[in-house]
A.B. asks: 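I'd like to ask you about the structure that follows.
Please read all numbers here as calculations on a predicted model, not as lab measurements.
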Amino acid sequence: MVIAHEDQDNSHPYWYARVIGIFNADICYRDPESGNVDTQHMDFLWVRWFGRDPTYRSGIDARRLPRIGFVPNDDDFAFGFLSPEVVLRAVHLIPGFAHEKTQDLLPNESIARQPSENNLDWRYYYVNIFVDRDMFMRYSGEGVGHKSTRRALRDARFGNPYEIDEAEWIDEDDTLMVADSEEDSHASDTESESSASEHVDLDENLMLY
């Protein structure tokens, strides 16, 4: 899982890929102006990219896990290379058993598949955002160090499910401001108890469909 680089509306905050191989090499770079040769050691990953299903609404608001699938082999972006430094963490993927497997995404006997897969790919996978606390925080936008993804999470409807109505994003730095009103400041104990009850109901109803 890596940070996505998308500017479109409702873009997903992350990109996903399967690591096919881990490599290292000594790279020589010749400066065209000075002619000097600079050699440095480089680690890199060979990956097979997943693509997000744009027809499937997901997120905390939708109460559905993100759905992804391998990019077809004939697409220019089916494979790529990554620096290990840009990888955020590993991801737990759940096969979409109802959609079964397919042979259409890769030619037979491809080294991009695991031998145990028998030249078949699951058509879809679901990203398990509840696999641990760190993963869930990356999708709720509440984790320390996750500020860079807050706007994308909101646009992709992965916002905080307990966010109160008065909260608004008011500047480019995603500063969260809560507007206080005179009516709010004079709220009764009964209203406070009702609000707390609603909070509990949200927590109890947070499930997948």
A.B. asks: When you check the gap from the basic side-chain N to the acidic O, do Glu117 and Arg48 get nearer than 4.0 Å?
C.D. replies: no
A.B. asks: With a cutoff of under 4.5 Å between side-chain heavy atoms, which Ile, Leu, Val, Met, Phe, Trp and Tyr residues group with Phe23?
C.D. replies: Ile20, Ile27, Met42, Phe44, Trp46, Phe79, Phe81, Leu106, Ile111
A.B. asks: Taking it one step at a time, do Asn73 and Leu105 satisfy side-chain contact (heavy atoms from CB on, under 4.5 Å)?
C.D. replies: CA-CA 6 Å; Asn73 180 60; Leu105 302 178; over 6 Å; no
A.B. asks: Would you call the rings of Tyr16 and His12 parallel, tilted or perpendicular, where under 30° means parallel and over 60° means perpendicular?
C.D. replies: tilted
A.B. asks: Which heavy atom of Ile22 sits nearest a heavy atom of Val19, and at what distance?
C.D. replies: CG1-CG1, 4.0 Å
A.B. asks: May I ask you to test the Ser83-Asp43 pair for a side-chain heavy-atom distance under 4.5 Å?
C.D. replies: no
A.B. asks: Just verifying a value: how many Å separate Glu109 CD and Asn119 CG, rounded to the nearest 0.5 Å?
C.D. replies: 4.5 Å
A.B. asks: What are the two closest non-hydrogen atoms of Val37 and Cys28, and how far apart are they?
C.D. replies: CG1-CB, 4.2 Å
A.B. asks: Less than 4.5 Å apart, side chain to side chain, heavy atoms only: is that true for Arg133 and Arg138?
C.D. replies: no
A.B. asks: Report the C-alpha distance between Met135 and Val91 in whole Å, list the side-chain angles of each, state the deciding distance to 0.1 Å, and finish with yes or no for side-chain contact (heavy atoms from CB on, under 4.5 Å).
C.D. replies: CA-CA 8 Å; Met135 190 69 168; Val91 177; 3.8 Å; yes
A.B. asks: Find the distance between CZ (Arg123) and CZ (Arg67) and round it off to the nearest 0.5 Å.
C.D. replies: 11.0 Å
A.B. asks: Taking the side chain as every heavy atom from C-beta outward, state whether Leu93 and Val127 have any atom pair closer than 4.5 Å.
C.D. replies: yes
A.B. asks: If the threshold is 4.0 Å, N to carboxylate O, is there a salt bridge linking Arg18 and Asp121?
C.D. replies: no
A.B. asks: Tell me whether Ile129 shares a hydrophobic cluster with Met1, the cluster being built from Ile, Leu, Val, Met, Phe, Trp, Tyr side chains joined at under 4.5 Å.
C.D. replies: yes
A.B. asks: Can you tell if the side chain of Trp15 reaches within under 4.5 Å of the side chain of Leu82, non-hydrogen atoms only?
C.D. replies: no
A.B. asks: In terms of hydrophobic clustering (I, L, V, M, F, W, Y; side-chain heavy atoms under 4.5 Å; direct or indirect links), are Val47 and Ile68 co-clustered?
C.D. replies: no
A.B. asks: If every non-hydrogen atom of Leu45 is compared with every non-hydrogen atom of Val87, which pair is closest and at what distance?
C.D. replies: CD1-CG2, 3.8 Å
A.B. asks: With the 4.5 Å side-chain cut-off for hydrophobic clustering, are Ile94 and Tyr125 part of the same group?
C.D. replies: yes
A.B. asks: Sorted by first residue and then second, give each side chain to side chain donor-acceptor pair (under 3.5 Å) pair with at least one member in residues 20-30; sequence neighbours left out.
C.D. replies: Asp26-His41
A.B. asks: Quick one: OH on Tyr14 to CZ on Arg89, what's the gap to the nearest 0.5 Å?
C.D. replies: 10.0 Å
A.B. asks: Do any N or O atoms from the side chain of Tyr124 and from the backbone of Asp53 form a donor-acceptor pair under 3.5 angstrom?
C.D. replies: no
A.B. asks: Taking a hydrophobic cluster as the set of Ile, Leu, Val, Met, Phe, Trp and Tyr residues connected by side-chain heavy atoms closer than 4.5 Å, whether directly or through intermediates, do Tyr126 and Val71 fall within one such cluster?
C.D. replies: no
A.B. asks: Okay, side chain of Asn128, backbone of Phe130: is any donor-acceptor separation there less than 3.5 Å?
C.D. replies: yes
A.B. asks: With a 6.0 Å cut-off on ring centres, are Trp122 and Phe97 close enough?
C.D. replies: yes
A.B. asks: Any non-hydrogen side-chain atom of Ser58 less than 4.5 Å from a side-chain atom of Leu65?
C.D. replies: no
A.B. asks: Distance check, rounded to the nearest 0.5 Å: Leu120 atom CG versus Arg113 atom CZ?
C.D. replies: 6.5 Å
